[in-house]
Amino acid sequence: MEVRVFKNAGEIGAAAGKIICDFVNSKPDCVLGFATGASPVPTYDYMINQFNEGKVSFKDVTTFNLDEYCGLPADHKNSYFTFMKENLFSKVDIQSKNINFLDGNADEEQESKRYAEAIKAKGGIDIQILGIGRNGHIAFNEPSDEFTDEAWKVTLSQSTIDANSIYFDDTEMPRSAMTMGIGSIMRSKKIILIATGNSKAQAVKDMIKGPVTPHCPASILQQHNDTVILLDEAAASLL
Ligand code: PGA
């Protein structure tokens, strides 16, 4: 894995956004994997600015998102679909027919199969954006005794509930989600993981310097052959 340290989240967003926009310009019908949460927002802002300046178009891009809560309708204000709509989809020319999302309310097994087949039919994910949880999770793959493969339904850990419940003001935060599995993430051709702030420093250290173990799911990225880790100084402080 390649590790790059930046001064702030804005610089990281520009670096990640440039990798993505350059790639889209070289392969306009590429497949991008998107993440929700605070970490990728500056990247999406960069992509929106490049689009507004006429420097990139996403009209032929296909997208797959990492995860979605169970128990919320897709158009709920706290769903990850709504998050993506507000932070990216409604602001660029991605076509809705090319947007793929896990359905947190579908049958787990059928949904997992459907998503795996949809990714395969598109030739796999070219670039997958990731954040990392304070507990080392990627997507919603929480620390556990084994690495998962395809999409599955996860019971969220207390650490994730604590971190994400700030977004739920008048709705109770769901306790489960459908998430792409570790195997699906690892099959992405390129991975860009973004982490900022002190609260991520230990997870970042475990991911990069620790053993490869499902107790820190992100540590599996040590075995991926094209992963770039973009950090601010606080997230890199324990390296
Ligand atoms: P964050 O979440 O980007 O909001 O910090 C990342 C994650 O939990 O994977």
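All residue numbers in this chain count up from 1 along the given sequence. All figures in this text were calculated on a predicted structure; none of them were measured in a lab. Atoms within each ligand, like the ligands themselves, are counted from 1 in listed order.
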Discussion item. Would the distance check show the side chain of D232 and the main-chain N or O of A9 forming a donor-acceptor pair, the cut-off being under 3.5 Å?
Written reply: no
Worksheet item: Is there any N or O on T36 that sits under 3.5 Å from an N or O of ligand 1?
Response: no
Worksheet item: So which heavy atom in the protein is nearest atom 3 (O) of ligand 1, and how far is it from that ligand atom?
Response: S39 OG, 2.5 Å
Practice prompt. Give a yes or no answer on whether the side chain of H224 reaches the backbone of S188 with a donor-acceptor pair at less than 3.5 Å.
Written response: yes
Response to the item:
Nearest non-hydrogen protein atom to atom 9 (O) of ligand 1, with distance, is H137 NE2, 3.2 Å
Worksheet item: Using heavy atoms and a threshold below 4.0 Å, how should the contact between K200 and ligand 1 be classified: side chain, backbone, both, or neither?
Response: side chain
Worksheet, complete the sentence: ligand 1 atoms nearer than 4.0 angstrom to some heavy atom of G131 are 9 (O)
Practice prompt. Report yes if A38 has an N/O atom closer than 3.5 Å to an N/O atom of ligand 1; otherwise report no.
Written response: yes
Worksheet item: Per the side-chain contact (heavy atoms from CB on, under 4.5 Å) rule, which among P214, C216, S159, P217 passes with P143?
Response: P217
Fill in: Close side-chain approach of N52 and I48, heavy atoms under 4.5 Å
yes
Practice prompt. Name all residues meeting the ring-ring contact (aromatic ring centres under 6.0 Å, His included) criterion together with F101; count only those two or more places apart in sequence or in a different chain, and write none if there are none.
Written response: F81
Item to complete: Distance to 0.1 Å, residue and atom name: give those for the protein heavy atom nearest to atom 6 (C) of ligand 1.
Response: I132 O, 3.6 Å
Practice prompt. Please state which part of I194 comes within less than 4.0 Å of ligand 1, counting heavy atoms only: side chain, backbone, both or neither.
Written response: neither
Fill in: T62-N100 side chain donor-acceptor pair, cut-off 3.5 Å
no
Discussion item. Aromatic contact between F34 and Y44, with the criterion being ring centroids under 6.0 Å apart: yes or no?
Written reply: yes
Response to the item:
For G37, the atoms of ligand 1 under 4.0 Å from one of its heavy atoms are 3 (O), 4 (O)
